[in-house]
Q: 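Sharing a structure with you now.
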Protein chains: 2
Amino acid sequence: MSEDRLSRVFAALADPTRRDLVARLSSADATVGELAAPYDVSLQAVSKHLKVLEDAGLVSRESRRAPVRLEAEVFDLMTKWIDRYQQQAEERYRRLDALLDEMQDSTRETSRQQSREQDAS
Amino acid sequence: MSEDRLSRVFAALADPTRRDLVARLSSADATVGELAAPYDVSLQAVSKHLKVLEDAGLVSRESRRAPVRLEAEVFDLMTKWIDRYQQQAEERYRRLDALLDEMQDSTRETSRQQSREQDAS
DNA sequence: CTCGTTGTCAACCAAATGGTTGAGGAGTAC
DNA sequence: GTACTCCTCAACCATTTGGTTGACAACGAG
């Protein structure tokens, strides 16, 4: 679905300069020239970076010379992706802990271990 | 600081195959061979993908043939980065809304507009 | 209308990326 | 110890990426 979108977003944020642009845009809109000023690369290079951010939907503009604006909704897309696997991974940790507890119990009372294995789904 | 780390993490997740690997590892550890099976690329290609994930700290193994495990802590790094700018952007939206409210007030009662401009920092 | 400013497009280049195949290293099983 | 299985390393290739410079399109000010 939005597989491709997610790829573009992550790829866009993989570059430190582009992350810095996002950081700066989070506190104020700015024109391309303003954005390019602090870096020691050409204006064209920054323009390209902005195109990448724009293609990823992280940033938008109403016209060429209009100030660039951060599109904060895209963050939700990432957060949603991350949260899913983070939660799943944490859930697994919890189960692992439970299993380790079981094993410790078994070493203490070895005779009872079979009665505890009902949840081997 | 962990600028470089963040770049590697985002770059790692920019590839759909690698995101799929992460997704699968979030529900169960697996060996390289098991992970490679579903894809129609070579085992070597998957091995490379895993190296990228490993260099980003997203994944780890105790030895070559040991099952690969997802390192969930890295998600915190991303979430922290995202949250900062998401919150900042939302804060700006709130201020913008407030400003728009002010402007609407001004059009209604134009004579009082100067008394409302104390926060022009 | 003309001129200067601002930003993009095009062509080019070096380095990185994602894939391939072939060879080899390290365990495991016999 | 030998053989097999699993995985990685090396070399190579095509494509993408991040940068450059030069030309030019479009807009605002005079």
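Keep in mind the model is a prediction, meaning the values are calculated, not measured. Proteins come first, then strands; the chains are lettered A, B, ... in the order of their sequence lines, and each starts at number 1.
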Q: Whole Å only: how far is the NZ atom of A/Lys51 from the P atom of D/dG18?
A: 13 Å
Q: Roughly how far apart are B/Thr79 OG1 and B/Gln86 CD, rounded to 0.5 Å?
A: 10.0 Å
Q: Protein within reach of the bases, or only the backbone? For nucleotides 23-30 of chain D, mark each nucleotide 5' to 3' as B, S or -, using heavy atoms under 4.0 Å.
A: --BBB---
Q: Can we say A/Arg24 and A/Glu34 salt-bridge, meaning some charged N sits less than 4.0 Å from an Asp/Glu carboxylate O?
A: no
Q: Are B/Asp55 and B/Lys51 ion-paired here, with the side-chain N under 4.0 Å from a carboxylate O?
A: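 A salt bridge links B/Asp55 with B/Lys51.
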Q: Say you draw a straight line from NE2 of A/His49 to OH of A/Tyr39; how long is it, rounded to the nearest 0.5 Å?
A: 8.5 Å
Q: Would you call A/Glu71-A/Arg69 a salt bridge at under 4.0 Å N-O?
A: yes
Q: Just verifying a value: how many Å separate B/Leu58 CG and B/Glu73 CD, rounded to the nearest 0.5 Å?
A: 10.0 Å
Q: Do you know which of A/Asp20, A/Val59, A/Leu25 makes side-chain contact (heavy atoms from CB on, under 4.5 Å) with A/Leu35?
A: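 With A/Leu35 as partner, A/Asp20, A/Val59, A/Leu25 yield a single side-chain contact (heavy atoms from CB on, under 4.5 Å), made by A/Leu25.
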Q: Any side-chain N or O of A/His49 less than 4.0 Å from the OP1 or OP2 oxygen of D/dG19?
A: yes
Q: For residues 17-40 of chain A, which residues have at least one heavy atom under 4.0 Å from DNA chain C?
A: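 Those residues whose heavy atoms fall under 4.0 Å from DNA chain C, taken from residues 17-40 of chain A in numerical order, are A/Thr31, A/Val32, A/Gly33.
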Q: Any side-chain heavy atom of B/Met78 within less than 4.5 Å of one from A/Met78?
A: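 B/Met78 vs A/Met78: side chains apart.
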Q: State plainly whether the residues B/Arg8 and B/Asp4 are in salt-bridge range, i.e. N to O under 4.0 Å.
A: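 The answer is yes: the pair qualifies as a salt bridge.
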Q: Going 5' to 3' on DNA chain C, which nucleotide is the first and which the last to come under 4.0 Å of a heavy atom in chain B?
A: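 Answer, 5' to 3': C/dG18 to C/dG27.
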Q: For B/Ala45 and for A/Glu54, find the nucleotide of DNA chain C with the closest heavy atom, then tell me which residue's nucleotide is more 5'.
A: A/Glu54
Q: Using a 4.0 Å heavy-atom cut-off across all strands, classify A/Lys48 as base, sugar-phosphate, or nothing.
A: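 The answer is base, as A/Lys48 lies within the cut-off (heavy atoms under 4.0 Å) of a base atom.
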Q: Checking B/Ser7 against A/Arg19: is there a side-chain donor and acceptor pair closer than 3.5 Å?
A: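 Per modelled atom types, A/Arg19 and B/Ser7 side chains form a pair under 3.5 Å.
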